[in-house]
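Have a look at the structure below, then the notes.
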Amino acid sequence: MARIHYWSAGVLAFALVAVAAQFPVSAQAQKFKLEEKFSVGLRRSVTTKRTYTEIREFMAAGEAASRLTDEFTRDSLVHEWYTDLDENARPKRFLRTYQKLDRKLKGESYIKMIDRTDKTEKTIDDSRAGQIITLERADGKLKVIDGAKNIFGDKALDNVIKDVETNLLPAAEKSPGDSWTVPGCDLEFLRDEAPSMLIDDTTETCEGGDLKITFDNMGSNEAGPVALLKFEGKFKFVRMRKDPILGDEVTNYVVNATVEGNLEFDTTRGRLISRTLNATFDNSGKVDRQEMRGSGKLTEYRVYHYGYILEAAPDNGVEAPAKTTETKTTAGDRLDPAHIVLALNGAERARLVVFDPVKRKAVRTLASFAAGVRIDHVTLAQTRDRIAFSSTLNNEISHATWNVFVLEISSGKINQVTPSWATGDGLAKPFESAGKGRVTGKVVWSDNERNTARSDNFSGNVHIDQTGIKAVVGIGGMFALDNVPAGFFALARVTGKVTARRLDGKDDGRTSANWSGSAGGMVKAGETLDLGTITLQPVQADMVFCNATFLGDRITGHLYGFGWLWDAGYPQRSWDMPTKDVAPGGQIYGLGYRPDGLIALANGYGKDARVRFLNPSRIVTATGDLSKLAIQHGTVASRGTWDSRNEQWVAGGYGPCRSGTIFADMPLVYRVLAADGTVELVRDWPEFTGRSIVDITPAQDGQSYFLVVQIPAPPAQPGKPANEAKTNLYRYTPATDTLERLTSLDDVQSVANTGR
């Protein structure tokens, strides 16, 4: 099967731009500026559908002639993000992302001597999809200064299409009817956006030809005037490859190309809208030492889309206090509708801050926590006078490493809502009684390879819930806890690690897993409660109460690690125990509550990621699974919010229900339409590949959304302090497709506006 080494296909999902009725002929005297306008932060996306068909006939010695017919199609989506401009306001430095490069091939070969026809049809995977390169203009030329060489290879990087502009525009004022020419050898637009498909030592040389461009007429669309241009021309290319050992010419053939096409240009904004291209090729010469003649046809339609990523680091001013050794709160009025709440986790302190997104300043600090305390998943009540958040505050007496708290803004009081024994009035206190008892037990774990239960090779401790009483598990798996308060149900939880080896002496793969088990009973004064044998199981997550949401006089969320929902009255305390199996088979990764009580939750990951809707009778009792909707891009939704249109917006990415690093290919935002449950990818930012969105909430005007974007921490270096993930607040405005950075704090963990 013949291979195409040039003009390789490019492909797309189209949104055709309709050009309205043309202006009258009298408008031809008017001049229009035909020059692209670039700015720092501009993001240009180019979607292309390209089809190339070629026929080659080889004249070998004797009767062994052959004929090959190939057809390539490619859907491509390429993003360019301009981060620096030169003195002429032309791109000096920018990132290019090859997000989608789907390539399909249909082929047919005919060998005269054998009189046989072979047909093929296949899809070719392109490993360049998702790769990013950085280009910079130096000495008048663009060079690749950073790229994925392990994917592209040095040769392919050298042949990356480097021109941002098509060079078809004269950068001058022109009137309809004007024409100009562009040297054909200065153009790269016949080739694809992907790196060159040249193989081995094949070279391509342009030997001349001009392209004539004509300002044909004016049209208009919803944005204003549109210049309609036509172009045509002929070019000559020579392809050559020499044998690297013998030095003789293996391939040497001429390509004569005839080109025509149309261009639409927004003269008001200085932006390309679309381009249509048709080209035919006549080939003749020698390929792999065989005489060849052939012909080809290229058709292409390209659409340009524009947005912004404004990444400049803003000055947020000084935020106090800089450090505290205790929990401090300030009382005040309910939040202004123009303000939002941020949860921040710094090295010296964590804090809840009121933030003005217009001025990009912290208005006041509502609560500040000592170093080591972490906060996350902040939620603002509809009344804007109380805030719910998850935190490690007071976790020494709870089996859950994170619990939910509510800050009453008017008084500055913090009330603990979870676990179930929390009173909702101040911080939960350890259970105390005059009488004391003793709790004992034994820990075992299942060695499946040896088909036996063992107590050795385990290291860990046991903790009585609702108390600070802990003890180390002994070498034989035995444990004992003294001075346990009498008169309550003592729930003991064992956590630790198994360090056993397999029969062949190698690690059994479970040394990095957490193991846990629990048992409980009523403690009586002066007596010993023997819990018997506690069998441990490998677990992948701690118990974490999170995703709290205010629903009238109740507050509800889920218990990460179990896939349970929980529901508690607030401020009048009442508690309904968690309901199991709301997320069959595992975790809930994201959770959102509609005002009417409908629950949208995300569980599963990879190809099994789903958004599920539950219609509960009272939040915790699931009465039906309304739909199961697959999330795109093989990710799961981390956090979600309902906007004013009653649509669920969710951040795509794998996010543990606790502070820390999350994982995703790139920042993603999905929209779940409440009417039919359709999951729709709203926007992704491949320029931010490696970053993730950890939280999302709508702005008060309903026209934009606040996102917390995280840059994961780089690996720690030996002998140096551990690195911290960097998280900052951004605003996304769909109408202008603008993603704008609002903070330079580096420790923003969560954001909330009314209802979330």
Side-chain angles (χ1 to χ4, degrees), residues 7 17 19 22-39 42 44 46 48 80 82 85-92 137 140-142 161-193 204-221 223-237 255-281 298-304 306:
W7 308 304
V17 179
V19 177
Q22 295 179 345
F23 291 133
V25 177
S26 60
Q28 292 188 0
Q30 186 177 357
K31 291 184 177 294
F32 298 88
K33 185 75 170 180
L34 301 183
E35 181 180 27
E36 285 189 87
K37 297 177 182 178
F38 295 93
S39 61
L42 182 67
R44 181 168 80 168
V46 185
T48 306
E80 291 177 337
Y82 310 118
L85 304 180
D86 62 19
E87 63 276 7
N88 298 315
R90 310 304 292 173
K92 180 180 180 181
R137 190 180 301 278
K141 296 182 179 180
L142 278 170
I161 309 303
K162 299 179 179 64
D163 281 344
V164 179
E165 311 85 26
T166 61
N167 291 328
L168 298 178
L169 300 173
E173 289 189 341
K174 296 289 183 179
S175 298
D178 291 346
S179 298
W180 58 94
T181 59
V182 175
C185 293
D186 291 346
L187 298 173
E188 288 190 309
F189 74 100
L190 280 181
R191 295 169 59 192
D192 196 22
E193 305 93 335
E204 177 185 83
T205 304
C206 178
E207 294 195 348
D210 291 331
L211 194 72
K212 179 183 178 181
I213 302 101
T214 301
F215 189 170
D216 188 51
N217 211 325
M218 286 297 298
S220 66
N221 63 10
V226 173
L228 309 176
L229 293 83
K230 293 183 177 179
F231 55 87
E232 59 183 3
K234 294 185 177 181
F235 310 94
K236 180 181 179 181
F237 300 92
V255 180
N256 290 296
T258 301
V259 178
E260 64 178 13
N262 301 288
L263 194 71
E264 296 176 340
F265 182 72
D266 184 334
T267 57
T268 302
R269 299 175 179 175
R271 295 177 179 178
L272 291 166
I273 299 173
S274 68
R275 192 181 78 202
T276 302
L277 172 68
N278 294 289
T280 57
F281 306 93
L298 170 68
T299 60
E300 176 193 275
Y301 186 74
R302 179 172 293 185
V303 175
Y304 300 84
Y306 298 84

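Worth knowing before you read on, the calculation uses all heavy atoms, side chains too, and leaves out hydrogens, waters and symmetry mates.
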*Judged by atom type as modelled, is there a donor-acceptor pair below 3.5 Å linking the side chain of Ser175 to the main-chain atoms of Gln30?*
yes
*Under the side chain to side chain contact (heavy atoms under 4.5 Å, CB included) rule, collect the residues that match up with Asn256, sequence neighbours excluded.*
Lys236, Val254
_Asp216 side chain reached by Asn262 side chain, heavy atoms, under 4.5 Å_ = no
*Does Asn88 offer a backbone N or O that forms a donor-acceptor pair with the side chain of Asp86 under 3.5 Å?*
yes
*Between Glu264 and Ser274, which heavy-atom pair has the shortest distance, and what is it?*
OE1-OG, 2.7 Å
*Would you mind reporting whether Arg271 and Leu42 have side-chain heavy atoms less than 4.5 Å apart?*
yes
*asked:* Please enumerate all residues that pass side chain to side chain contact (heavy atoms under 4.5 Å, CB included) together with Lys234, with sequence neighbours excluded.
replied: Thr258
_Partners passing side chain to side chain contact (heavy atoms under 4.5 Å, CB included) against Leu85 (at least two apart in sequence or in another chain)_ = Phe38, Val40
*Less than 4.5 Å apart, any side-chain heavy atom of Arg302 and any of Leu277?*
no
*side-chain contact (heavy atoms from CB on, under 4.5 Å) between Phe265 and Phe32, intermediate numbers included*: CA-CA 11 Å; Phe265 182 72; Phe32 298 88; over 6 Å; no
*Show your working on salt bridge (charged side-chain N to carboxylate O under 4.0 Å, His left out) between Glu87 and Lys92 and close with a plain yes or no.*
CA-CA 9 Å; Glu87 63 276 7; Lys92 180 180 180 181; over 6 Å; no
*Mind checking the CG-CE spacing from Leu229 to Met218? Nearest 0.5 Å is all I need.*
9.5 Å
*Can you name the closest pair of heavy atoms from Ala227 and Leu34 and give their distance?*
CB-CD2, 3.9 Å
_Please verify the inter-ring angle class for Tyr306 with Tyr304; under 30° counts as parallel, over 60° as perpendicular, anything in between as tilted._
parallel
*Please round to the nearest 0.5 Å and tell me the distance separating atom CD of Glu35 and atom NZ of Lys174.*
12.5 Å
*Between CD1 of Ile273 and OG1 of Thr267, what distance do you get to the nearest 0.5 Å?*
8.5 Å
*Provide the closest heavy-atom pair for Thr276 versus Phe231 in the form atom of the first, atom of the second, distance.*
O-CZ, 3.6 Å
*Give, for atom CG of Leu169 and atom NZ of Lys33, the distance between the pair rounded to the nearest 0.5 Å.*
11.0 Å
*Could you check Glu232 against Lys230 for salt bridge (charged side-chain N to carboxylate O under 4.0 Å, His left out), going step by step and ending with a plain yes or no?*
CA-CA 7 Å; Glu232 59 183 3; Lys230 293 183 177 179; over 6 Å; no
*For the residue pair Phe235 and Leu211, establish whether any side-chain heavy-atom pair is separated by less than 4.5 Å.*
yes
*Considering residues at least two apart in sequence or located in another chain, which fulfil the side chain to side chain donor-acceptor pair (under 3.5 Å) criterion with Thr299?*
none
*Who pairs with Lys37 by side chain to side chain contact (heavy atoms under 4.5 Å, CB included), at least two apart in sequence or on another chain?*
none
*asked:* Looking at Leu168, is its backbone amide N or carbonyl O close enough to the side chain of Trp180 to form a donor-acceptor pair, meaning the two atoms are under 3.5 Å apart?
replied: yes
_Nearest heavy-atom neighbours spanning Pro225 and Thr268_ = CD-OG1, 3.3 Å
